[in-house]
Enquirer: 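Shown below is the structure under consideration.
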Amino acid sequence: MAVIIDGKAVAAELRDDIRKEVFALREKTGKAPGLAVVLVGENPASQVYVRMKGKGCEEVGIASYQHLLHAETSQEALLSLINKLNAAPDVNGILVQLPLPAHINESAIINAINPRKDVDGFHPVNVGKVVIGDEDCFSPCTPYGCQVLINRHVKDLKGKHLVVVGRSNIVGKPLANMMVQKNKMANCVVTVCHTAAPDIAYYTRQADVLVVAAGRPDTVRGDMVKEGAVVIDVGVNRVADPADPSKTKLVGDVNFDEVSKVASAITPVPGGVGPLTITMLLANTLKAFKLQNGL
Ligand code: NAP
């Protein structure tokens, strides 16, 4: 039976470290790191994420500046706010909650953020730096969280075969680029699967570390996993609860009951990757503060 990877516990440990460092830096510099979060419109899921980000900042002593704009906000008005935040000395990180309303071009907004404040790691400059392996970059938060969890459960990653199911710009592709780097948090042999693969099981069965970010329940079943593999399930899917069809529940992309019998370690959903995502945003904001202040 697999060890259940406790994302909440890892996140709590990391937040404690971040909090201690933030308070030490506040004492040394008289300044606190600051994160600006911008939300356009009233998407309920986005509102929850933005609230959680504010709470996360408060927990570790990062100043949080929330800009809640109405759904009809023009692209020009949003760009003008980004420009103000780029110039604001107390704002070290800027995050624009996605998705944006259809009348706003997401790329134009992401490209307008100063790459040194792009704590989400979506600006092309940071994407490029991740590919190059430049340490002076911001890794996107969800793959960064996966990398942290993998490193907690695999002692020496050198030469391990890491298979990622999914090639999105926010999870699959950045994770593949991060895990192929020649450094001690990575150095894997990496394979990326997507819907054009005729049989993903051919690849997933070879994985020492399997990360699944497909956005579909049961994408990976027990017979698709090698005995002893470490499995990271990024998926978050709301499905009818078989125990009570009038209710729903959250499941990942991996069939947990089957795969936990084969894997050596596995993340649950919820409570696996999820808690790490906001924690890595806090870590990136602290990193931005240090880089911008030459610390
Ligand atoms: P996405 O943009 O929809 O991308 C899904 C990827 O999976 C695509 O590359 C797709 O291939 C591939 N795929 C889908 N079904 C497949 C299959 N049967 N076989 C092989 N490949 C398949 O999704 P995403 O944004 O990366 O998110 C993935 C999941 O992670 C979602 O459930 C999302 O909610 C969750 N998520 C969680 C967090 C968190 O903090 N916990 C953060 C981000 C995302 P093609 O490119 O060929 O279409």
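When a residue number appears, it is its place in the shown sequence, counting from 1. Whatever order the structure lists ligands and atoms in, that order sets their numbers, starting from 1.
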Enquirer: I'd like to know if Arg15 pairs up with Glu59 as an ion pair, taking the criterion as any Lys NZ or Arg NE/NH1/NH2 lying under 4.0 Å from an Asp or Glu carboxylate oxygen.
Expert: yes
Enquirer: Which ligand 1 atoms, with their elements, are less than 4.0 angstrom from a heavy-atom of His194?
Expert: 11 (O), 20 (C), 21 (N), 47 (O)
Enquirer: What residue and atom, counting heavy atoms only, is the protein's closest point to atom 23 (O) of ligand 1, and at what distance?
Expert: Ser168 CB, 4.3 Å
Enquirer: For ligand 1, which atoms have a heavy atom of Gly166 less than 4.0 angstrom away?
Expert: 6 (C), 7 (O), 9 (O), 12 (C)
Enquirer: Give the atoms of ligand 1, by number and element, whose distance to some non-hydrogen atom of Gly274 is under 4.0 Å.
Expert: 41 (N)
Enquirer: Once salt bridge (charged side-chain N to carboxylate O under 4.0 Å, His left out) is applied, do any residues pair with Arg205, and if so which ones, sequence neighbours excluded?
Expert: none
Enquirer: Can you tell me which portion of Thr195 lies within the under-4.0 Å heavy-atom range of ligand 1? Options are side chain, backbone, both, or neither.
Expert: both
Enquirer: I want to confirm something. Looking only at heavy atoms, which of Ile200, Val269, Leu250 is nearest to atom 19 (N) of ligand 1?
Expert: Ile200
Enquirer: When you group the ILVMFWY residues by side-chain heavy-atom contacts below 4.5 Å and let the links chain together, are Val131 and Met178 in the same group?
Expert: no
Enquirer: Just heavy atoms, cut-off under 4.0 Å: does Arg167 contact ligand 1 by side chain, backbone, both, or neither?
Expert: both
Enquirer: With side-chain hydrogen bond (donor to acceptor under 3.5 Å, both in side chains) as the test, would you mind laying out the steps for Lys53 and Gln97 before giving the verdict?
Expert: CA-CA 10 Å; Lys53 286 165 186 171; Gln97 187 66 44; 2.7 Å; yes
Enquirer: May I ask you to identify the nearest protein heavy atom to atom 44 (C) of ligand 1, giving residue, atom name and distance to one decimal place in Å?
Expert: Val171 CG2, 4.1 Å
Enquirer: Does any donor atom in the side chain of Asn293 or Lys31 lie under 3.5 Å from an acceptor atom in the other side chain?
Expert: yes
Enquirer: Under 4.5 Å between side-chain heavy atoms, counting indirect links through other Ile/Leu/Val/Met/Phe/Trp/Tyr residues: same cluster for Val10 and Val236 or not?
Expert: no
Enquirer: I'd like to know if Glu13 and Arg152 make a salt bridge, using a cut-off of under 4.0 Å between side-chain N and carboxylate O.
Expert: yes
Enquirer: Can you tell me which residue and heavy atom of the protein come closest to atom 34 (O) of ligand 1, and the distance to 0.1 Å?
Expert: Val236 O, 3.6 Å
Enquirer: Restricting to salt bridge (charged side-chain N to carboxylate O under 4.0 Å, His left out), what partner residues turn up for Asp208, sequence neighbours left out?
Expert: Lys226
Enquirer: Considering Ile278, Asn169, Ile170 one by one, which has a heavy atom nearer to atom 25 (O) of ligand 1 than any of the others?
Expert: Ile170
Enquirer: When you measure from atom 5 (C) of ligand 1 to each heavy atom in Pro270, Pro174, Ala214, which option holds the nearest one?
Expert: Ala214
Enquirer: Using heavy-atom distances only, which candidate in Val234, Asp253, Thr219, Thr142 approaches atom 17 (C) of ligand 1 most closely?
Expert: Thr219
Enquirer: Should Asp257 and Lys261 count as an ion pair when the cut-off is N to O under 4.0 Å?
Expert: no
Enquirer: For ligand 1, which atoms, with element, lie under 4.0 Å from some heavy atom of Thr277?
Expert: 39 (C), 40 (O)
Enquirer: Does Ala213 have a non-hydrogen atom less than 4.0 Å from ligand 1?
Expert: yes
Enquirer: With a 4.0 Å cut-off on heavy atoms, is Gly172 touching ligand 1?
Expert: no
Enquirer: Below 4.0 angstrom from a heavy atom of Arg216, which ligand 1 atoms are there? Numbered from 1 as shown, please.
Expert: 18 (N)
